[in-house]
Amino acid sequence: MPEGVEIEIYRLAAERALGRVIATVDANDGWFCKDGTTPEALVAALSGATFTSARRRGKLLVLDVDHGPRLGLRFGMTGRTIVDDAAPIDSLEYSSDRNDPAWDRFAVLFDDGGSLRIRDPRRLGGVSLDPDEEALGMDAFSVTAKELDRRVFVGEVAIKGRLLDQARVAGIGNLIADEVLWRAGIDPAAPAGSIDAKGRRRFRSHLQTVLADFMRDGGSHTGRLQPARERGGTCPKDGTPLERRTIGGRTTFSCPLHQRSGR
DNA sequence: CTCGACTCCTGTTAGC
DNA sequence: TGCTAACAGGAGTCGA
């Protein structure tokens, strides 16, 4: 599913849309327009304009517009960006690999004949104008040790739940969280404030390598834990049957043998 | 402020 | 074979 890694890949694709004149906007799915934004407002804001930069904060993709409000794009768990009919990612966990234009929920058509589309079968993503970027925590790719200690490794809530809280650190989804905790040997159910300095150091180190690995390999479904994230799966490190729990409202797989930090 | 529970969406898949 | 129900999770809302 799209997590910070996929959105970064979408951002790179969206850079090809910069500087091109927008001729028309397809925003016919009113449900997909969020935060009070309407199809009419999107058409009015974008027609005749150009995108000047493609930025990302966590799972939010922001396209700056030469005049007028910024465009915010969210992808839920099945959304993709398609620029000029080329999708930067062709396989997405929990989504469909079918290429069905009926799932285009929003599209910007350029006067050169190209386009930027959001294709989202399950419609959990959305489009908005002037999204509240400050409501999100520091981005996972650049988050500092100090910020993690201040915002994430605090309190009694399970560390897994903390990691999914986009207001504390932005861009980590279910698969990245499970993979990093698994590599770092941290129990997902451990109280966030209970992780010692060694565990926190391991977490930071593995977060950076997981993000780099996932970027290199093409998405958040390419982890070493991923093939075992199913009922009856065993730990790829030590062969122990994995534990399957719901933590922070999300299905969580972990190894009861080696993920013991914080227990 | 914190935090768990609930709700939204719909393609896929397991199971009868 | 064909149908139904469970499942997936990002994100917003609500209430204790």
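Throughout, protein chains are lettered first and strands after them, A, B, ... in sequence-line order, and every chain is numbered starting at 1.
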message: Quick check against the 3.5 Å criterion: does A:Gln259 have a side-chain atom that pairs as donor or acceptor with the backbone of A:Leu257?
response: no

- prompt: Whole-Å distance between C:dC7 P and A:Asn174 CG?
  reply: 16 Å

message: I'd like to know if the side chain of A:Asn174 and the backbone of A:Thr251 have a donor-acceptor N/O pair within less than 3.5 Å.
response: yes

- prompt: Side chain of A:Arg11, backbone of A:Ala54: donor and acceptor closer than 3.5 Å?
  reply: yes

Separation of C:dA8 C1' from A:Glu3 CD (nearest whole Å): 13 Å

- prompt: Should the pair A:Arg20 and A:Phe110 be classed as cation-pi, given the thresholds of under 6.0 Å to the six-membered ring centre and 45° from the axis?
  reply: yes

message: From C-beta outward on A:Arg168, which listed nucleotide comes closest to its side chain: B:dC3, B:dC9, C:dA11?
response: B:dC3

field: Side-chain heavy atoms of A:Phe32 within contact of A:Leu42, under 4.5 Å
entry: no

task: Report the nucleotide, chosen from C:dA11, B:dG11, C:dG10, that has the shortest atom-to-atom distance to any side-chain atom of A:Arg74.
output: C:dA11

Please table the atom pairs, donor to acceptor, closer than 3.5 Å between any side-chain atom in residues 184-194 of chain A and protein atoms at least two apart or in another chain.
from	atom 1	to	atom 2	distance (Å)
A:Asp187	OD1	A:Ala189	N	3.1
A:Asp187	OD1	A:Arg245	NH2	3.1
A:Asp187	OD2	A:Arg263	NE	3.1
A:Ser194	OG	A:Pro191	O	2.7

Separation of atom CG in A:Leu136 from atom C1' in C:dG10, rounded to whole Å: 12 Å

message: Contact list please: residues 141-165 of chain A against DNA chain B, heavy atoms, distance less than 4.0 Å, in numerical order.
response: A:Val157, A:Arg162

- prompt: Ignoring hydrogens and geometry, is there a side-chain-to-backbone donor-acceptor pair from A:Arg70 to A:Pro131 under 3.5 Å?
  reply: yes

query: Rounded to the Å, how far apart are A:Arg123 CZ and C:dG10 C1'?
result: 16 Å

- request: State plainly whether one hydrophobic cluster holds both A:Leu60 and A:Phe141, where clusters connect Ile, Leu, Val, Met, Phe, Trp and Tyr through side-chain heavy atoms under 4.5 angstrom apart.
  value: no

query: Does A:Arg57 use its side chain to pair, donor to acceptor, with the backbone of A:Leu136 at less than 3.5 Å?
result: yes

query: Can you name the nearest heavy-atom pair linking A:Leu175 to A:Glu3, along with the distance?
result: N-OE2, 2.8 Å

query: What's the CE-C1' distance between A:Met77 and C:dA8, to the nearest Å?
result: 4 Å

field: Side chain to side chain, A:Thr252 and A:Leu181, heavy atoms closer than 4.5 Å
entry: no

message: In this structure, how many angstroms lie between the C1' atom of C:dG10 and the CG atom of A:Asp178, rounded?
response: 15 Å

- line: A:Ile7 CD1 to C:dA11 C1', in whole Å, measures 13 Å

- request: Starting from the C-alpha separation in whole Å, work towards a yes-or-no answer on side chain to side chain contact (heavy atoms under 4.5 Å, CB included) for A:Asp213 and A:Arg216.
  value: CA-CA 5 Å; A:Asp213 287 355; A:Arg216 182 196 62 213; 3.5 Å; yes

statement: Under a side-chain separation threshold of 4.5 Å, the hydrophobic residues clustered together with A:Trp182 are A:Leu225, A:Leu242, A:Phe253

- request: Check each residue of residues 27-40 of chain A for a non-hydrogen atom within less than 4.0 Å of any atom in DNA chain C, then write out the ones that pass by number, or none.
  value: none

query: Does B:dT10 have OP1 or OP2 sitting under 4.0 Å from an N or O in the side chain of A:Trp103?
result: no

field: Between C:dA8 (C1') and A:Ile247 (CD1): distance, integer Å
entry: 17 Å

field: Of the listed nucleotides C:dG10, C:dA8, B:dG11, the one nearest the side chain of A:Arg244
entry: C:dA8

Using the 3.5 Å cut-off, write out each protein N or O paired with an N or O of nucleotides 14-16 of chain B and the distance between them.
none

- request: Take the C1' atoms of the five end pairs on each side of the helix from B:dT2-C:dA16 to B:dC16-C:dG2, derive the two axes, and give their angle rounded to 10 degrees.
  value: 40°

query: Got more than 12 heavy atoms from elsewhere within 6.0 Å of CZ, A:Arg55?
result: yes

